[in-house]
There are 2 protein chains.
Amino acid sequence: MEKRKSIHPKFVEKFREYLKSNGFKLTSERKAILEQIFAYDDHFQAEDLLVRMRQDGYSVSRATIYRTLPLLAKSGLLTEVIDAQKHSHYEHIHALQQHAHLICLRCGKIIEFREPEINALQEAVCQTHKFRPMKYRNEILGYCFECQMDEI
Amino acid sequence: MEKRKSIHPKFVEKFREYLKSNGFKLTSERKAILEQIFAYDDHFQAEDLLVRMRQDGYSVSRATIYRTLPLLAKSGLLTEVIDAQKHSHYEHIHALQQHAHLICLRCGKIIEFREPEINALQEAVCQTHKFRPMKYRNEILGYCFECQMDEI
DNA sequence: TTTTTTGCAAATGGTTTGCATCCTT
DNA sequence: AAGGATGCAAACCATTTGCAAAAAA
C-alpha cells in the first residue's frame, strides 16, 4: 500500500470520452473507481480494490467494481495482468507506455519491464496476419531472484 | 478435428523422465492422455480432450485429465494458452519450438506465430532481472481478418 | 422519461479436492 | 508393502447475472 495520489484530469476526460462514444454513462460510482485506481500505484485485484475503497470511505458494490474494471481496461486506462491462478490483476497506465510483466510463481510479485522492440515486433506480426490487435499479453512466469535464493 | 497420428517415442520418454525425477508414477491413464494429445494437432480444452478420449475408446476421468494436463505442461510437452475468458487451452509442442498466439475475440480462433527475436528479447529481460523463467505467455487478443470483415 | 446503472444475492462453471480404493514401484 | 494415483461427487470461488430500484442524459 502506497501513498494516495490525486488523478490527472486527462484520465477522467479519457474515460468520459470512452463512455460517451459507447453509449455508456459516467456515474459517480465509475468516477470513484477511476479516481481510486489512480490513487495508488500498485497492482491490485478486484477484491483488493473493494476493500481499499471501503477503507477510504467510498461505497461501491462488488458487482459494480467487476463491471467497471473491464470498461477501464477497454478505455485504455487500465491494464489487465493474469497470474498463474488465472486471476485478474490490474494496474493503471503510466504515461500511456506499454509494458510487460515478470510474475513470480512463489511470492506472486509482479515486476514490470519495458521492451519497445518486443512491441514493435508484435505489431509487425499483426500486420502480417491482417489481425487487429486489441490487447497484448506479455507475461513471463517464473521465479524472482529472492525466491530462487529461498530454494523452491 | 484432424487425422489421428501416432506419438514419437521421445515424447513418452521425456514425460517418463519428468515424472520419475519428481517422484511421480507413469500410469496407464497418464500415458493414454499423453498419446491422445499427440494424436491430433489442434488446440483443445480439458473438456474437449475428455470428449475426444471417450470417443476414441479411452476411459479416463475428468479429474485425472485436470490433474495430468499441468504435469504435461511442466514437463514441457504441452503449452498452455489462456483465452479472453481466462479458460485454459493446450497444444502439444512441435519440435520443441516456442511460439506465440493471436486469439480472435469474436470467433475464438487461435493463430500461431513464431518470432525468435521476441523470445531472445524476453530471455535477455530475465537475465537482467535475475529472473528464472518457467513459462512465457505471448498472446495477442484482437480480431482476425475474417471477423473484421463481418463487422464487430 | 427513456435508457443505463446499481446493489443485492443467487447462480455460474471451469477447476479443484476429500476420500476410499486401486495401481506402480 | 508403501506411497502415489484414480474416480466420483461434492466443494471452490472468482466472476457473472437477474431483477427491481435509482440515477444519468
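Quick note on labels: first sequence line is chain A, next is B, and so on, each numbered from 1.
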State, without any angle test, whether [X] and [Y] hold a side-chain donor-acceptor pair at a distance under 3.5 Å.
X       : Y       : result
H43(A)  : E91(A)  : yes
H101(A) : N138(A) : no
D56(A)  : Y40(A)  : yes

Distance in angstrom units between [X] [atom1] and [N] [atom2], rounded:
X      : N       : atom1 : atom2 : answer
L50(A) : dT6(C)  : CG    : C1'   : 14 Å
Y58(A) : dT6(C)  : OH    : C1'   : 18 Å
D48(A) : dA14(D) : CG    : C1'   : 12 Å
K31(B) : dC23(C) : NZ    : P     : 17 Å
L69(A) : dT16(D) : CG    : C1'   : 14 Å
L26(A) : dA22(D) : CG    : C1'   : 16 Å
N22(A) : dT3(C)  : CG    : C1'   : 15 Å

Query raised in the report: Can we call the ring centroids of F11(A) and F38(A) under 6.0 Å apart?
Result: yes
Query raised in the report: Do the ring planes of H129(A) and F113(B) sit parallel (below 30°), tilted (30 to 60°) or perpendicular (above 60°)?
Result: tilted
Tabulate below the donor-acceptor pairs under 3.5 Å that side-chain atoms of residues 15-24 of chain A make, not counting sequence neighbours, or state none.
from   : atom 1 : to     : atom 2 : distance (Å)
R16(A) : NE     : E13(A) : OE1    : 3.4
S21(A) : OG     : E17(A) : O      : 3.1
S21(A) : OG     : Y18(A) : O      : 3.1

Requested in this report: Give the C-alpha distance, both sets of side-chain angles, the deciding distance and a yes or no for side-chain hydrogen bond (donor to acceptor under 3.5 Å, both in side chains) between K86(B) and S88(A).
Outcome: CA-CA 9 Å; K86(B) 291 196 290 184; S88(A) 293; 2.8 Å; yes
**Report entry** Closest contact, heavy atoms only, S61(A) versus L50(A)
**Finding:** C-CD1, 4.2 Å
Query raised in the report: Considering heavy-atom distances to DNA chain C, does A46(B) or R16(B) have its closest nucleotide positioned more toward the 5' end?
Result: A46(B)
Report task. Using modelled atom types only, decide if a donor and an acceptor are shared between the side chain of R52(A) and the backbone of F44(A) within a distance under 3.5 Å. Result -> no
Please list each protein N or O that sits under 3.5 Å from an N or O in nucleotides 2-8 of chain D, with the distance.
from   : atom 1 : to     : atom 2 : distance (Å)
dG3(D) : N2     : K25(B) : NZ     : 2.9
dG3(D) : N3     : K25(B) : NZ     : 3.1
dG4(D) : O4'    : K25(B) : NZ     : 3.4
dA5(D) : OP1    : K25(B) : N      : 3.3
dA5(D) : OP1    : R30(B) : NH1    : 2.6
dA5(D) : OP1    : R30(B) : NH2    : 2.9
dT6(D) : OP1    : T27(B) : OG1    : 3.0
dG7(D) : OP2    : S61(B) : N      : 3.0
dG7(D) : OP2    : S61(B) : OG     : 2.7
dG7(D) : OP2    : T64(B) : OG1    : 2.5
dG7(D) : N7     : R67(B) : NH2    : 2.7
dG7(D) : O6     : R67(B) : NH2    : 3.4

Identify each atom pair where a protein N or O and an N or O of nucleotides 11-13 of chain D are less than 3.5 Å apart, giving names and distance.
none

Query raised in the report: Do any side-chain nitrogens or oxygens of K86(B) fall under 4.0 Å of OP1 or OP2 in dG14(C)?
Result: no
Requested in this report: Examine dT15(D): is either OP1 or OP2 under 4.0 Å from a nitrogen or oxygen in the side chain of Y66(A)? Give yes or no.
Outcome: yes
